[in-house]
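Take a look at the structure below.
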Number of protein chains: 2
Amino acid sequence: MPKHAGPSTGEQARQQVLGQLRQAISQGEMAPAQRLVEDELAEQFGVTRASVRAALIELESEGLVERIRNRGSRVRVVSVDEAIAITECRMALEALCAAKAAVTADDEQLAGLAALGTAMSRAVADGEPLTYSELNHQLHTRIRELSGQQVAMRLLERLNAQLVRHRFQLALRPGRPQQSLSERLALIEAIRARDPQRAEAAAHAHLTSLTDALHE
Amino acid sequence: MPKHAGPSTGEQARQQVLGQLRQAISQGEMAPAQRLVEDELAEQFGVTRASVRAALIELESEGLVERIRNRGSRVRVVSVDEAIAITECRMALEALCAAKAAVTADDEQLAGLAALGTAMSRAVADGEPLTYSELNHQLHTRIRELSGQQVAMRLLERLNAQLVRHRFQLALRPGRPQQSLSERLALIEAIRARDPQRAEAAAHAHLTSLTDALHE
DNA sequence: GAGCACAAGATAGTCAACGATTTCGTTGGC
DNA sequence: GCCAACGAAATCGTTGACTATCTTGTGCTC
């Protein structure tokens with residue numbers, strides 16, 4: 001259960017609830033399939049039901065929440081099959097971003113990518129999967145930003161939000177970081193070489209590797 | 001302006017408004033940037049503002065409607081740049097679907113695709129761009145369905161809905177159908193040959209061709 | 001004891017009214 | 001004649017109450 005909200009100030013209620021709820025779900029503070037009763041949330045956040053309702057409708061179309069008529073809302077559980085499907089879409093879009101990033105990025109930005117790459121290598125060598133996971137997240141975010149592809153960016157953010165529960169699982173699997181690291185370094189190299197086709201191919205290779213891993 | 005709603009049957013108000021509004025916008029019955037006043041819509045559809053509001057919130061996160069605090073909603077105008085970005089994403093995802101469809105489709109389904117291909121050829125030969133456009137839409141929908149990729153399907157539907165206004169423009173351009181036809185026939189052939197890589201490549205080729213055309 | 005009908009509780013859906021914010025026209029001063 | 005302050009109109013944001021629907025538990029019948 002999330003803490004009892006914040007200031008509940010005059011700030012727009014829906015926006016606030018939306019943000020807090022999204023964060024709570026995204027960070028796994030709420031159990032999967034947990035029931036989200038409008039009345040309860042309204043009291044917790046100190047707003048009216050209408051605001052909670054609006055937030056839930058929005059979260060539903062973001063895929064974070066599931067709503068059943070007259071029955072209530074709950075945190076959506078993403079099955080493994082679905083996680084695979086989502087990952088496939090993610091990678092298709094990230095390949096697009098990588099290709100664009102390879103073309104549009106300037107030298108400074110490329111240097112930043114390289115720095116991230118070495119940091120990731122170190123994290124793996126030091127056996128720190130959580131640091132690695134965090135850096136990895138940063139890398140993907142950075143590539144998205146470099147691409148300048150706003151639409152893809154928005155879609156990816158949405159898709160990623162649905163995967164929280166599955167992300168940890170993968171990062172902590174022994175041997176997994178080593179493999180994904182090399183794939184990611186290849187991706188970074190391709191972008192640095194400003195080679196969009198290679199970047200795309202590298203992202204694709206990473207796709208198959210990831211979905212295979214998800215299959216267990 | 002859309003007609004005065006339908007039966008207003010026992011169907012849930014929000015669902016009804018949502019459907020009608022979405023259709024009205026998707027089919028271009030509402031001018032771009034047209035103001036959508038909650039009160040007016042409520043009266044037109046014979047429901048209360050709350051229901052309209054809920055529908056508008058949902059449409060906003062689908063990207064069909066733009067809402068500004070205390071200022072109202074309006075039909076979102078998609079700039080050409082944005083249309084290009086959307087098309088890029090569409091194609092990345094459709095390439096994924098095509099590749100999967102090439103693997104999973106059965107003989108009967110492949111025959112259906114082939115039939116669509118010949119119908120499209122005929123439409124172009126007969127100089128009927130609207131029929132061609134419609135068939136084309138069917139083709140893409142079919143491929144999506146064959147892929148069995150639910151997530152990609154949902155994303156694509158959403159992206160397509162945002163492009164209505166730009167679609168006609170392209171279909172009616174002289175010479176355009178001929179080019180896109182050959183690309184699409186290649187795509188169909190690749191899927192029929194159950195060759196995922198070629199299918200993906202064909203979809204990609206179509207991507208560049210389409211975005212180039214959008215650039216004018 | 002099993003199954004069905006009914007009633008009670010919980011919860012989302014809908015509604016009408018009130019309050020806040022923005023926009024735009026009007027008036028007064030300079 | 002132009003600009004600023006004021007005020008009215010329009011519109012969204014919020015609220016509390018009411019209603020419809022679903023779930024669950026209970027008692028009655030067979």
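Numbered from 1 within each chain, the chains take letters A, B, ... in sequence-line order.
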Requested in this report: Please confirm whether the backbone N or O of B/P129 pairs with a side-chain atom of B/S133, one donor and one acceptor, at under 3.5 Å?
Outcome: no

Report task. Check whether any side-chain N or O of A/T104 sits under 3.5 Å from a backbone N or O of A/K100 as a donor-acceptor pair, and report yes or no. Result -> yes

Requested in this report: For the pair B/Q179 and B/E183, evaluate side chain to side chain donor-acceptor pair (under 3.5 Å) and give the outcome as yes or no after the intermediate values.
Outcome: CA-CA 7 Å; B/Q179 173 168 10; B/E183 292 164 1; 3.3 Å; yes

Report task. Would you tell me if any nitrogen or oxygen in the side chain of A/R67 comes within less than 4.0 Å of OP1 or OP2 on C/dG13? Result -> yes

**Report entry** Rounded distance (Å) that lies between atom P of D/dG13 and atom CZ of A/R49
**Finding:** 18 Å

Protein N or O to nucleotides 7-11 of chain D N or O, pairs below 3.5 Å:
none

Requested in this report: May I have the distance from B/Q15 (atom CD) to D/dA20 (atom P), rounded to whole angstrom?
Outcome: 19 Å

Query - Of A/R76, A/R22, A/R154, A/R67, the residue whose pairing with A/E62 passes salt bridge (Lys or Arg N to Asp or Glu O under 4.0 Å) - result: A/R22

Query raised in the report: When the distance from CD1 of B/I57 to C1' of D/dG13 is rounded to whole Å, what number comes out?
Result: 10 Å

Query - Minimum heavy-atom distance A/L187-A/A203, with the two atoms named - result: CD1-N, 4.2 Å

Query raised in the report: Quick one: A/L41 CG to C/dA12 C1', roughly how many Å, whole number?
Result: 13 Å

Query raised in the report: Whole Å only: how far is the CD atom of A/E60 from the C1' atom of C/dG13?
Result: 14 Å

Report task. Remember a base hit wins even if backbone is also touched, and classify B/R53 as base, sugar-phosphate or nothing at under 4.0 Å, heavy atoms. Result -> base

Query raised in the report: CZ of A/F45 versus C1' of D/dT14: gap in Å, rounded?
Result: 18 Å

Requested in this report: Report yes if the side chains of B/V164 and B/Q27 come closer than 4.5 Å at any heavy-atom pair, otherwise no.
Outcome: no

Query raised in the report: Taking the side chain of A/T48 as its heavy atoms from C-beta onward, which of D/dC12, D/dG16, C/dT14 lies nearest to it?
Result: D/dG16

